[in-house]
Amino acid sequence: MQINSLMKKIKEGLLRDYDKEVDRASVQEVHNVVAKIAITEISKAWHESENRFNTNRHAYFLSAEFLMGRAVQNNLICMGIYDEVKEALNQLGFDINKFEEIEDMALGNGGLGRLAACFLDSAASVNVPLKGYGIRYKYGLFKQKIEEGFQKEYADNWTSFGDEWSLRRFEDSIKIRFKDIEVLAVPYDMPIIGYENDNIGTLRLWQSEAIEDFDFDLFNNCKYDEAIRNKTIAENISAGLYPNDNTYEGKILRFRQQYFFSSASLQDLIRKYKELHGKDFSKLVSLNTIQLNDTHPVIAIPEFIRLMTLENNVEFDDAFNMAKEIFNYTNHTVMAEALEKWDVNLVKDLVPEVYEVIEKINEKLIEELTDLKVKKEDLDKYEVIKDNQVHMARLATYIGKYINGVAEIHSEILKKDTLKEWYEIYPDKFQNKTNGITQRRWLASCNKELTELYSRLLGDKSFLKDLSKLKELEKYSENKDIIDEFIQIKKNKKRELIDYIYKHEGIKLEEHFILDVQIKRLHEYKRQFMNALSILDIYFRLKDGELKDFTPTAFIFGGKAAPGYARAKAIIKFINEIADLINNDKDVQDKLKVVFVQNYNVSYAEKLIPGANVSEQISTAGTEASGTGNMKFMLNGAVTLGTYDGANIEIVREAGEENNYIFGATEEEVLRIKDSYDPVEIYNKDKHIKRVIDTLVDGTFSDGYEEEEVTEVKDGVEEATDENIEKEEIETVEEKLIEGTFKELYYALLKGTHWHKADHYFILNDLERYFNARIKLSNDYKNEYEFARKCFINSVNAGFFSSDRTIKEYAEEIWKL
Ligand code: 26W
């Protein structure tokens with residue numbers, strides 16, 4: 001596009017839509033006009049892509065979450081017009097970086113939602129016909145502020161300035177029937193722009209609306225609330241994203257959301273099929289395949305059979321067999337608390353016809369298991385309806401044609417543990433698809449400097465379409481000039497990050513510090529708590545002079561806790577207490593800093609990751625399915641300080657263990673020690689560990705429990721295991737909770753609760769090895785050049801972790817496109 005014509009379009013757009021010249025227009029207004037120009041520009045290619053999509057075999061990605069982040073920069077880059085737009089805006093006196101004020105589209109919690117977004121980007125870029133289906137939540141993931149060290153949540157009304165990257169397609173609306181209400185699912189389509197090709201994919205998000213949203217008679221009789229009652233009830237369904245990551249809650253509204261978007265998506269695809277092929281369904285499963293992103297859309301399985309039998313006159317057995325061909329299921333977690341089960345009564349009450357189908361599926365299952373000679377007493381482990389609950393993962397595994405985990409270790413755990421009994425009878429269903437990330441966003445867009453360097457060395461930008469090309473750069477790890485340039489780029493990105501943190505958090509970091517970053521959802525299994533305890537240990541050892549020559553390090557945290565997750569919130573407060581202590585202690589100013597950044601989201605990640613030296617990936621082995629942040633850091637040249645877990649294992653396989661800092665118990669070790677593990681023994685033996693853990697109860701810190709109401713009270717406590725904890729101290733966890741959340745953390749580590757044993761995530765077991773790995777890293781960093789070489793080797797070996805590779809594997813091995 002010509003710069004002049006772009007300038008003209010922007011000026012005209014601002015006048016037309018807002019009656020403003022550029023200098024008076026707000027950032028949002030300029031953004032909206034640019035978005036409109038872009039959408040118009042791609043509209044023909046989008047239309048053509050949709051036609052191609054429908055005529056060939058294609059795949060649908062059903063996901064309750066799509067964590068898209070900010071669209072503008074990525075879209076302009078993919079269209080190949082970023083530089084032109086930047087220049088046009090510049091000539092109009094507008095700095096394109098101001099688009100950083102534009103809100104993220106945060107319709108997802110964390111890894112699973114961001115993965116869905118990366119997959120769409122990759123599919124469009126490598127020409128895999130994939131359409132995303134989800135929910136257009138009015139409110140995305142809550143915004144987080146840290147006030148007095150506590151997390152506070154605020155609503156995320158992300159469309160308040162409009163949603164210019166989407167098109168409302170009211171004409172494609174679909175009715176969704178629950179037993180008590182009927183609502184309208186209205187689709188909003190967002191283009192997914194392939195990188196420098198003509199392919200445009202689609203993300204279709206459903207918004208719930210009332211079929212009749214206004215009763216004029218009631219209104220006329222001054223019954224205003226009643227007049228819009230239908231509207232309120234209907235709009236509730238897509239009102240908000242549930243903020244739980246990895247914890248299942250059997251909420252009715254959540255079930256409604258799942259059924260709402262599953263049914264709308266299926267009806268949409270069946271309608272499209274019928275438009276092209278009439279009522280002959282013989283080609284339905286050869287033309288369509290559906291990927292279920294975790295169990296959230298699994299209700300689509302019985303709904304599909306219901307739609308085929310009751311609304312399209314297909315025989316049950318035929319519909320059932322079609323379902324077994326069309327669906328596939330990805331599992332994203334082994335956490336028991338995340339496995340979805342719905343009360344039979346809830347399902348029956350809301351969608352009785354669907355429930356009847358589930359019963360029939362269960363009968364089929366029992367028949368099949370009996371044929372397979374599964375013993376009667378073992379049937380319990382398989383049944384989809386058991387103990388008055390519908391088990392969604394079982395339903396998905398039974399009907400899904402292929403089942404996959406998201407990293408090698410995770411897929412193995414599914415086979416030997418989580419879904420063990422299913423693997424025994426259907427081994428051919430099971431696959432692995434190691435996750436990936438899109439290099440368009442996680443390199444080209446967030447790290448232009450490194451992209452420039454790699455383009456220059458490789459001669460072109462084709463690595464943005466084939467990331468494995470980076471491997472050719474490995475030879476430069478011996479080239480001093482190139483490593484020096486690489487060092488300079490990292491320094492620039494660090495400086496940018498430091499400025500950004502200063503602007504947003506008011507804390508000034510310094511460039512010569514190691515930037516050590518742990519950013520992800522706050523969860524016990526991810527062990528931010530272990531990081532915090534270890535920092536405190538380093539602090540004490542610096543104070544008492546035991547630790548000398550420690551390389552100055554800034555420890556940066558970011559992440560949201562589910563609002564109802566009391567312990568995770570206590571950990572945030574604990575980290576902030578530590579930050580307060582350390583940042584205000586003159587003795588360690590030149591050595592240590594701690595920051596908890598507020599409202600960590602995709603856009604913040606785009607700043608933190610390029611600026612980081614160290615990527616913290618320290619989950620208990622066997623708990624993090626894959627992780628994808630780890631891959632983003634690697635690509636941007638940070639070393640991994642992590643455990644043998646998730647994709648970390650594959651990361652060090654690609655980049656070399658010698659270039660990373662892997663420590664701690666393996667999954668085998670965890671399994672081996674599990675039953676006999678006694679954290680109190682470690683606590684009593686290791687004075688360093690004792691010292692930091694005691695700060696939870698000795699008044700070093702305040703959890704402010706007098707200011708903060710303790711809301712979640714759990715009862716009960718396990719048997720005492722050690723006399724060293726005073727008898728009267730262990731009474732019940734309830735009492736301790738009343739005394740404050742830090743005490744609760746203390747008892748969780750040393751004593752356990754009725755729902756978890758003491759130190760359930762084996763923090764004490766790994767603390768010393770973690771400390772040693774950190775010290776080694778700290779020493780290695782002193783040799784700037786050698787350390788940078790490690791970082792470089794990581795970056796150029798990140799090719800395997802492109803989601804382009806992942807999506808091609810899905811396309812070939814699961815979707816058979
Ligand atoms: C029902 C509540 C609930 C909500 C979210 C259950 C489970 C989830 C997700 C499955 C949690 C999630 O995001 N899992 C993450 O998925 C990423 C993408 O595969 C992985 O990289 C992470 O390791 C995994 O924790």
Side-chain angles (χ1 to χ4, degrees), residues 61-67 106-119 134-135 141 241-251 253-255 257-258 291-299 329-342 390-393 396 403-411 413-414 418 432-438 442 519-527 559-565 602 605 615 617-634 642-643 645-651 761 801 803 806-807 810:
F61 198 80
L62 265 61
S63 177
E65 303 186 11
F66 286 91
L67 190 44
L107 308 188
N109 273 287
L112 159 132
R114 184 53 233 175
L115 184 75
C118 282
F119 279 1
I135 302 174
L141 184 62
L241 167 79
Y242 278 99
N244 290 334
D245 188 73
N246 262 311
T247 27
Y248 163 72
E249 279 184 296
K251 298 219 167 116
L253 185 62
R254 171 128 179 141
F255 181 81
Q257 292 184 339
Q258 298 189 349
Q291 193 68 35
L292 302 171
N293 201 25
D294 216 83
T295 53
H296 319 152
V298 165
I299 197 70
Y329 158 62
T330 305
N331 172 290
H332 291 267
T333 180
V334 295
M335 294 287 109
E337 62 264 38
L339 294 181
E340 292 189 303
K341 300 176 203 78
W342 293 104
V390 182
H391 291 242
M392 304 314 271
I403 315 302
N404 73 284
V406 291
E408 280 177 19
I409 181 181
H410 169 57
S411 297
I413 293 174
L414 292 182
T418 323
N432 171 247
K433 293 285 162 282
T434 298
N435 283 166
I437 57 165
T438 165
W442 299 108
I519 43 176
K520 46 185 82 253
R521 284 300 291 261
L522 228 305
H523 202 292
E524 286 164 274
Y525 83 81
K526 296 177 188 283
R527 300 200 293 191
K560 294 176 185 177
Y565 190 173
V602 171
S615 156
Q617 308 299 338
I618 57 176
S619 51
T620 313
T623 63
E624 186 69 273
S626 161
T628 44
N630 46 4
M631 303 168 184
K632 296 164 195 168
F633 281 105
M634 177 197 198
T643 47
D645 199 21
N648 300 351
I649 296 172
E650 291 160 75
I651 285 178
Y761 293 104
F801 302 103
S803 45
T806 316
I807 216 73
Y810 276 93

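Order of appearance sets the numbers: ligands from 1, and atoms from 1 within every ligand.
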Test item: Ile299 and Glu340 side chains (from C-beta on) under 4.5 Å apart, heavy atoms: no

Glu340 contact mode with ligand 1 (heavy-atom cut-off under 4.0 Å): side chain

Aromatic ring pairing Phe255/Trp342, orientation class (parallel under 30°, perpendicular over 60°, tilted between): perpendicular

Option set His332, Glu337, His296, Gln617, criterion heavy-atom distance to atom 19 (O) of ligand 1, minimum: His332

Pair Thr628-Asn435, side-chain donor/acceptor within less than 3.5 Å: no

Heteroatom proximity flag, Ala338 to ligand 1, N/O under 3.5 Å: no

Side-chain (Thr247) to main-chain (Asn244) donor-acceptor, under 3.5 angstrom: no

Option set Asn109, Asn244, Thr247, criterion heavy-atom distance to atom 2 (C) of ligand 1, minimum: Thr247

Test item: Tyr565 side-chain N/O and Glu524 main-chain N/O as donor-acceptor pair under 3.5 Å: yes

Chi angles and distances behind the side-chain contact (heavy atoms from CB on, under 4.5 Å) call for Lys433, Thr330: CA-CA 9 Å; Lys433 293 285 162 282; Thr330 305; over 6 Å; no

Within-cut-off N or O pair, Glu65 and ligand 1, under 3.5 Å: no

Atom indices of ligand 1 within 4.0 angstrom of Tyr525 heavy atoms, with elements: 25 (O)

Per-atom contacts of ligand 1 with Asp294, taking only distances under 4.0 Å to non-hydrogen atoms: 10 (C)

Leu112 N/O under 3.5 Å from ligand 1 N/O: yes

Tyr242: ring pair (Phe, Tyr, Trp, His ring centres under 6.0 Å) partners, not counting sequence neighbours: none

Ligand-residue contact atoms, ligand 1 with Ala625, heavy atoms, under 4.0 Å: 23 (O)

Expected output: side-chain Ser63 to main-chain Gly134 donor-acceptor under 3.5 Å: no

Heavy-atom nearest option to atom 25 (O) of ligand 1, drawn from Met631, Glu624, Arg254: Glu624

Short side-chain to backbone donor-acceptor contact, Arg527 and Tyr761, under 3.5 Å: yes

Option set Gly627, Ala64, Gly250, Gly629, criterion heavy-atom distance to atom 21 (O) of ligand 1, minimum: Gly627

Nearest neighbour in protein (non-hydrogen) for atom 8 (C) of ligand 1: Asn246 N, 3.6 Å

Proximal candidate to atom 18 (C) of ligand 1 [heavy atom criterion; set Thr434, Val406, Asn435]: Asn435

